[in-house]
Amino acid sequence: AQKITQTQPGMFVQEKEAVTLDCTYDTSDQSYGLFWYKQPSSGEMIFLIYQGSYDEQNATEGRYSLNFQKARKSANLVISASQLGDSAMYFCAMRERGGADGLTFGKGTHLIIQP
Amino acid sequence: EAGVAQSPRYKIIEKRQSVAFWCNPISGHATLYWYQQILGQGPKLLIQFQNNGVVDDSQLPKDRFSAERLKGVDSTLKIQPAKLEDSAVYLCASSLGASSYMNTEAFFGQGTRLTVV
């Protein structure tokens with residue numbers, strides 16, 4: 001079974017609109033961490049935001065926020081006021097307490113911001 | 001602060017040849033990861049080092065892939081012999097390495113794009 005599922009292969013969004021990128025995960029661990037990374041065409045993975053399984057509040061980092069619904073095992077990324085520079089691949093990833101601490105990634109969502 | 005350095009950026013080889021990639025992590029980062037990212041997919045962990053010891057290599061195809069991290073700093077990943085399906089971007093990442101801290105982020109290099117023909 002997929003550990004991380006991102007159901008949107010691609011999205012087109014108008015500049016300045018908010019966008020939600022979906023991520024669902026599968027784990028039997030009680031302690032885990034969820035990450036979102038951005039990968040522009042240059043190839044480097046850029047860390048955006050982190051949510052711990054025991055965090056009671058949704059994480060926020062500037063224009064990025066994470067809509068964490070633990071019971072539904074979802075961790076959607078919300079980008080407010082999108083910008084042209086937000087066009088990139090976005091990956092959701094998980095670290096589980098029970099395993100080694102390498103990240104397990106989803107297949108990603110290709111986000112294109114249109115002017 | 002200098003980021004994770006990788007070289008080369010691009011490599012084209014014929015199948016059955018060998019190839020090596022180099023990674024220099026961020027200074028002071030004890031944990032180093034190698035990921036394989038096939039086109040259209042997310043990165044897949046190949047191997048994780050803590051200092052110069054291997055923590056996880058469960059997804060490394062050990063019949064053809066090898067990796068080492070001498071002196072707990074730089075690392076090399078080797079493929080011998082290469083197959084067509086090894087065409088991918090190979091990403092190196094490093095972190096402070098506190099596996100007890102779930103929120104420890106990994107910093108990635110720009111990757112090496114390997115094409116096997």
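Worth knowing before you read on, the calculation uses all heavy atoms, side chains too, and leaves out hydrogens, waters and symmetry mates.
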> Taking everything shown except A:Q14 itself, do over 12 heavy atoms lie less than 6.0 Å from its CD?
Replying inline: yes

> Measuring heavy-atom distances to chain B, does A:Q39 have an atom under 4.5 Å in its side chain, in its backbone, in both, or in neither?
Replying inline: side chain

> Can you say whether B:R9 sits under 4.5 Å from chain A via the side chain, the backbone, both, or neither, judging by heavy atoms?
Replying inline: side chain

> Is B:K15 atom NZ crowded by more than 12 heavy atoms from other residues, nucleotides or ligands, each under 6.0 Å away?
Replying inline: no

>> Taking CD in B:E85 as the centre, count heavy atoms belonging to other residues, nucleotides or ligands within less than 6.0 Å. Is the count above 12?
In response: yes

>> Quick check on the interface: out of A:M45, A:Q51, A:H110, A:M89, who has the most heavy-atom pairs with chain B under 4.5 Å?
In response: A:M45

>> Minimum heavy-atom separation for B:Q37 and A:F91, please, with both atom names.
In response: NE2-CZ, 3.3 Å

> So which part of B:Q41 gets closer than 4.5 Å to some heavy atom of chain A, the side chain, the backbone, both or neither?
Replying inline: backbone

>> If you count heavy atoms of other groups shown closer than 6.0 angstrom to CG of A:L84, is the number above 12?
In response: yes

> CD1/A:I46 to CD/B:E105 distance, rounded to the nearest 0.5 angstrom?
Replying inline: 11.5 Å

>> Counting only heavy atoms not in B:K71 (residues, nucleotides, ligands), do more than 12 fall under 6.0 Å from its NZ?
In response: no

>> How long is the straight-line distance from CG of B:L45 back to CG of A:L103, given to the nearest 0.5 Å?
In response: 8.5 Å

> Which one of B:F107, B:F108, B:Y35 satisfies the ring pair (Phe, Tyr, Trp, His ring centres under 6.0 Å) criterion with A:Y37?
Replying inline: B:F108

> How about B:K78: does its NZ atom have over 12 heavy atoms from other parts shown lying under 6.0 Å from it?
Replying inline: no

> CD1 of A:I112: more than 12 outside heavy atoms within 6.0 angstrom?
Replying inline: yes

> Which one, A:S42, A:G52, A:A93, leads in non-hydrogen pairs under 4.5 Å with chain B?
Replying inline: A:S42

